[in-house]
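For reference, the structure discussed in these notes is given below.
Each chain gets a letter, A, B and so on, in the order its sequence line appears, and its residues count up from 1.
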2 protein chains.
Amino acid sequence: MPLPIKISEETFTPRQQAVLTAALDLLVENGDGLTMTAVARRASCSKETLYKWFGDRDGLLTATVQWQAAKVRMPHVDRSHLSAKVLRESLEQFARDLLTTIVGEVSITLNRTAVTHAAQEKDSLGNIVLENGPLAIRRRLKPILEAARDARLLRFNASEDAYRTFFGLVVRDVQIRLLLGDKGLTQSNVEANIEADVKAATDQFLALYGAKANI
Amino acid sequence: MPLPIKISEETFTPRQQAVLTAALDLLVENGDGLTMTAVARRASCSKETLYKWFGDRDGLLTATVQWQAAKVRMPHVDRSHLSAKVLRESLEQFARDLLTTIVGEVSITLNRTAVTHAAQEKDSLGNIVLENGPLAIRRRLKPILEAARDARLLRFNASEDAYRTFFGLVVRDVQIRLLLGDKGLTQSNVEANIEADVKAATDQFLALYGAKANI
DNA sequence: GCGGAACCGTACCGTACGGTACGCCTGCGG
DNA sequence: CCGCAGGCGTACCGTACGGTACGGTTCCGC
């Protein structure tokens, strides 16, 4: 039962969304604690209903991840008015959104769930997370980078490389350390540094790819 | 039963290492397929022995991860003969080792296992992987960076920031995509580009942190 | 050769959980 | 008022798996 790529308002009824919220809460609270019985109890519905709506446990998991992942919003930038200032602000906004998302407990949970899933030869959850995370960023960022190149604000050969460098400069080792549960990297700890990290990453990216006049 | 941080030759008997090898093979082959029965069968030993040696399933998992993670070797660089050329080669070697490791199936499996574990409020495996992965790199790389700064080959304020930038430039989105099972990123696919990526990352790092004469 | 320790293989137990069946209640169209 | 669809709660089933027990075998020290 492959779910549609795009989740619209009517994909799930309000009642179903309440169930998905319960499932997500359980996931966040207690990683693998997503048992059908627990979801049913939390959502005050019967297991039979769960199976009717979502098919099986995997379907529920997929629906939960998909529904939540689609909520990640992405900044929209007007490509037609690019200037050095606008470009920098756009990059900073992307970096800020990316870091803020990655640091969030929901994102950590979803990524962990998808990684766990991927360890079982199933890549559906991983694809959903990728599609709504890194790849969504890439889709939004690449046109901007290319527009900036056209406007002589940036210099690079492949926008793919530029995007991936930006990603690396922003994320660094934060995500993997959070996923691995590094205690030296509390959420609040990272959040406090987001603004500084955003600025540093943007500066570095512009130093590498910016046309000289715009550094 | 906390295991020692450092794994020496005598930590496990050859027979025990054979068991751990079997466990690791099962992990790699089939992510969560690490059942005690499967390990016992694969290693031709009894479950009772497994419990006697490793306490419980978690102990076996921990021993497996720890034993394997400790195998990751790290380049050793002589800090006393730093030149621009030696520095560049050292950085490239670090980048190459890091990428090669990350791309390997064993590393992917270990990281996935540790992430899954971290989703259950247990951070022991995550700590082991961190300790033998990113943190090991950091321990080795930082002194080199600082020596290079002393030799006026690099410029930075905090070596921590420099290290993390290097990590980001090298790893970019490769690891998270591999962990999530991105099919657009096959192992062979990445391996073919390692040398180019190593050079690009090193160039970028030196462009950001190198003293001008050494770019 | 003998006793015991270590270990193999297997049978066994308890539990947790995915999935199903069923009885009951509620709301709604006719 | 009746019938029925949708859904709740619960009991139930089968299985997989962690963990234990036990008989049989090998090997080593004495």
Tell me whether the OP1 or OP2 atom of dC7(C) has a side-chain N or O from Trp53(B) closer than 4.0 Å. yes
Partner set under side-chain hydrogen bond (donor to acceptor under 3.5 Å, both in side chains) for Thr109(B), not counting sequence neighbours: none
So what does Arg41(A) touch, heavy atoms closer than 4.0 Å: a base, only the sugar-phosphate, or nothing? nothing
Could I get the full list of salt bridge (Lys or Arg N to Asp or Glu O under 4.0 Å) partners for Arg164(B), not counting sequence neighbours? Asp173(A)
Restricting to side-chain hydrogen bond (donor to acceptor under 3.5 Å, both in side chains), what partner residues turn up for Asp123(A), sequence neighbours left out? Lys183(B)
Rounded interatomic separation in angstrom, taking CG from Leu50(A) and C1' from dG9(D): 12 Å
Between dA6(C) atom C1' and Gln16(B) atom CD, what is the distance in whole Å? 12 Å
At under 4.0 Å between heavy atoms, how does the protein contact nucleotides 14-29 of chain C? Give one character per nucleotide, 5' to 3', with B, S or -. ---SBBBBB-------
By salt bridge (Lys or Arg N to Asp or Glu O under 4.0 Å), Glu48(A) pairs with (sequence neighbours left out) none
Tell me which residues in residues 116-128 of chain A put a heavy atom below 4.0 Å from DNA chain C, sorted by number, or none. none
Could you tell me the separation between the CG atom of Leu61(B) and the CG atom of Leu34(B), rounded to the nearest 0.5 Å? 6.0 Å
For Arg139(B), what residues pass the salt bridge (Lys or Arg N to Asp or Glu O under 4.0 Å) criterion, not counting sequence neighbours? Glu131(B)
Not counting sequence neighbours, which residues clear salt bridge (Lys or Arg N to Asp or Glu O under 4.0 Å) with Arg112(B)? List them please. none
How would you list, by chain and number, every residue that makes a side-chain hydrogen bond (donor to acceptor under 3.5 Å, both in side chains) with Asn189(A), sequence neighbours excluded? none
